[in-house]
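Quick notes on the structure that follows.
Every chain is numbered from 1, with letters handed out A, B, ... down the list of sequences. Quick caveat: nothing in here was measured; it's all calculated off a predicted structure.
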Amino acid sequence: MTFAELLRGSVHEVAAGIIGWTLLVDGVGGRIVEVEAYAEGDPASHAFRGATARNASMFGPPGHLYVYRSYGIHWCANVVCEQQGRGAGVLLRALEPTHGLERMRERRGVADERLLCAGPGRLTQALGLTRRDDGADLSRPPFELRAPISPVVVERTTRIGISRAVEQPWRYVEARSSWLSRRRRAG
DNA sequence: CACAGGATATACT
DNA sequence: GTATATCCTGTGA
């Protein structure tokens with residue numbers, strides 16, 4: 001499976017299917033273990049009310065980045081998915097750090113591996129992603145996406161940090177991963 | 001564990 | 001103009 005093939009699916013298929021892939025930026029990154037799907041017609045999605053200056057990338061080509069400022073402090077990065085031209089995306093929430101740990105420690109200012117990429121704001125800081133990367137093509141350098149070699153077990157849970165459509169189980173995580181931003185809800 | 005401070009772009013009235 | 005946002009961190013129990 002190539003990245004281009006993965007992107008042909010729905011936003012939910014992309015979200016579930018991208019778990020276990022390795023994302024590198026300039027050779028720094030790790031395995032994707034946690035994402036959230038923001039679908040067409042989803043009230044929690046930035047694209048819900050149509051295209052604006054901020055979310056323009058979400059209506060652009062699939063496989064590019066949508067990067068935006070969150071709470072005035074953090075950057076959050078999404079993989080743009082196409083859903084009938086309406087704008088959809090997969091929010092990158094956590095990586096299992098595998099490449100360039102030292103570089104990520106420098107950028108994050110913390111030594112604890114568990115805190116390098118566990119959370120959308122931490123992940124972008126560790127990879128050095130900012131507004132400059134909004135709209136960037138993930139299939140070209142400095143970006144690299146490698147498919148997993150062995151099968152990945154994916155679980156669905158509810159999304160985090162949103163105020164609408166809170167019950168939708170559109171957060172996808174690797175089962176039993178210890179690198180998530182939050183533990184799976186009990187039960 | 002709970003809580004609140006931080007700091008800014010954007011959307012909406 | 002005002003409110004709110006796909007959050008992180010430090011502090012005090």
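- A distance of 10.5 Å separates NE2 of A/His74 from OH of A/Tyr68, quoted to the nearest 0.5 Å.
- In the set C/dC8, B/dT8, B/dT10, the nucleotide with an atom closest to the side chain of A/Arg69 is B/dT8.
- The pair A/Asp134-A/Arg69 fails the salt-bridge criterion, with no side-chain N (NZ, NE, NH1 or NH2) lying under 4.0 Å from an Asp/Glu carboxylate O.
- Atom CG in A/Asn78 sits roughly 11 Å away from atom P in C/dC7 (whole-Å rounding).
- Using a 4.0 Å cutoff on non-hydrogen atoms, the parts of residues 88-100 of chain A near DNA chain C are A/Leu91, A/Arg93, ordered by number.
- Side-chain atoms of A/Thr158 and A/Glu167 include no donor-acceptor pair closer than 3.5 Å.
- Phosphate contact (OP1/OP2 of C/dT9, side-chain N/O of A/Arg108, threshold under 4.0 Å): present.
- In this structure, A/Trp75 atom CH2 and C/dA5 atom C1' are separated by 14 Å, rounded to whole Å.
- For A/Ser70, no side-chain nitrogen or oxygen approaches OP1 or OP2 of C/dA5 to under 4.0 Å.
- Ion pairing between A/Arg108 and A/Glu106 fails under the 4.0 Å rule for side-chain N and carboxylate O.
- Rounded to a whole Å, the CD1 atom of A/Ile73 is 9 Å from the C1' atom of C/dT9.
- In this structure, A/Ser163 reaches the sugar-phosphate backbone alone: every heavy-atom distance under 4.0 Å involves primed, P, OP1 or OP2 atoms, never a base.
- Within 4.0 Å (heavy atoms only), A/Arg49 reaches sugar-phosphate atoms of the nucleic acid but no base atom.
- Of all nucleotides present, none satisfies the Watson-Crick or G-U wobble test against B/dA7 with each distance under 3.5 Å.
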What donor-acceptor contacts under 3.5 angstrom involve side-chain atoms of residues 94-102 of chain A, with partners at least two apart or in another chain?
from: A/Glu102; atom 1: OE2; to: A/Arg105; atom 2: NH1; distance (Å): 2.7

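- If you take CG of A/Leu123 and P of C/dC8, they are 10 Å apart, rounded to a whole angstrom.
- At whole-Å resolution of the value, OH in A/Tyr68 and C1' in B/dA11 are 15 Å apart.
- What separates CZ of A/Arg171 from P of C/dC7 is a distance of 11 Å, to the nearest Å.
- A cation-pi arrangement is present between A/Arg159 and A/Tyr38 under the rule of less than 6.0 angstrom and at most 45 degrees off the ring axis.
- If you measure from atom CD1 of A/Ile160 to atom P of C/dC7, you get 8 Å, rounded to the nearest angstrom.
- Comparing B/dA9, C/dA5, C/dC8 by their closest approach to the side chain of A/Arg131 singles out B/dA9.
- As judged by a 4.0 angstrom heavy-atom cut-off over every strand, A/Arg164 is placed among residues making no nucleic acid contact.
- For the 3.5 Å distance criterion, the side chains of A/Thr22 and A/Arg31 fail to qualify, holding no donor opposite an acceptor.
- The CZ-P distance, from A/Arg159 to C/dA5, rounds to 13 Å in whole Å.
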